[in-house]
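The next block holds one structure in the form of structure tokens; read it before the comments.
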Amino acid sequence: MAKTEQAANVNLVSRISSGTYFKGEIISPNDLRIDGKFDGSIISDGKVVVGESAEVDASIVCINADVWGKTKGSFTVKDIMSIKSDCSVEGEISVRKLIVELGASFNGTCRMITEQEYDKIASSRRGAQQPAPKSDSKQRQ
């Protein structure tokens, strides 16, 4: 039998491995998996996975999210966010669909949003992440 589904290309998944600490800003058109420690902001046009050993303190905007580890901050998720058992989520969640497994810890606020609200939030965050245009330092007098 021929397999009709394509396997995900592992080269299209960005990864912060266990034992790695990264502080800053990530903007990616692909999926992202975090197993180490991350502080900062993430904008992804894919899925963000927070692994079991991960510690994340960030503002995250993504299409889907699976949380297995510890997170603080905010999530803005276009479709589905899944909070797995034994994980810890603290902060603000804006999402269309939320799954919270038995045994998960969630302390914060959750707001259900539409796809249009996500698009508005995501475009404003993307706009804030763009570098300011360079201005001409010479002014005419």
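Starting from 1, each residue takes its place in the sequence as its number. Remember, it's a predicted structure, so these values are computed and weren't measured experimentally.
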Measuring from atom [atom1] of [X] to atom [atom2] of [Y], what distance do you get when rounded to the nearest 0.5 angstrom?
| X | Y | atom1 | atom2 | answer |
| --- | --- | --- | --- | --- |
| E25 | I43 | CD | CD1 | 6.5 Å |
| S82 | I99 | OG | CD1 | 4.5 Å |
| K120 | T76 | NZ | OG1 | 13.0 Å |
| S74 | E90 | OG | CD | 13.5 Å |
| L98 | F75 | CG | CZ | 11.0 Å |

Any side-chain heavy atom of [X] sitting closer than 4.5 Å to one from [Y]?
| X | Y | answer |
| --- | --- | --- |
| N107 | V89 | no |
| S41 | R125 | no |
| W68 | V49 | yes |
| C110 | V95 | yes |
| M112 | R96 | no |
| C62 | V77 | yes |
| I93 | M81 | yes |

K78 and D119: CA distance, side-chain angles, deciding distance, salt bridge (Lys or Arg N to Asp or Glu O under 4.0 Å) verdict: CA-CA 8 Å; K78 184 174 188 173; D119 291 339; 3.8 Å; yes
I'd like to know if the side chain of T20 reaches the main chain of I16, judged simply by a donor and an acceptor atom lying under 3.5 Å from each other, with no hydrogens or angles considered. no
Should [X] and [Y] be counted in the same cluster of Ile, Leu, Val, Met, Phe, Trp and Tyr side chains packed under 4.5 Å apart?
| X | Y | value |
| --- | --- | --- |
| V61 | I83 | no |
| V48 | F106 | yes |
| I121 | I63 | no |
| I113 | V67 | no |

Test side-chain contact (heavy atoms from CB on, under 4.5 Å) on D39 and F22 and set out the steps. CA-CA 7 Å; D39 292 328; F22 183 84; over 6 Å; no
Given I42 and I34, is the side-chain contact (heavy atoms from CB on, under 4.5 Å) satisfied, shown in steps? CA-CA 11 Å; I42 296 170; I34 302 168; 3.6 Å; yes
Does a sphere of radius 6.0 Å around CD in E101 hold more than 12 heavy atoms from other residues, nucleotides or ligands, not counting ones at 6.0 Å or beyond? yes
For K72, side-chain hydrogen bond (donor to acceptor under 3.5 Å, both in side chains) partners two or more places apart: none
Could you walk me through whether R33 and D31 pass the salt bridge (Lys or Arg N to Asp or Glu O under 4.0 Å) check? CA-CA 7 Å; R33 180 175 176 99; D31 294 348; over 6 Å; no
Electrostatic pair K84:D86 at N-O distance under 4.0 angstrom: no
Using a strict cut-off of less than 4.0 Å between a Lys/Arg side-chain nitrogen and an Asp/Glu carboxylate oxygen, indicate whether K70 and E55 qualify as a salt bridge. no
Pairs where residues 43-53 contributes a residue and the test side-chain hydrogen bond (donor to acceptor under 3.5 Å, both in side chains) is met, not counting sequence neighbours: D45-R126, K47-D66
Is it true that the side chains of D79 and Y118 contain a donor and an acceptor less than 3.5 Å apart? no
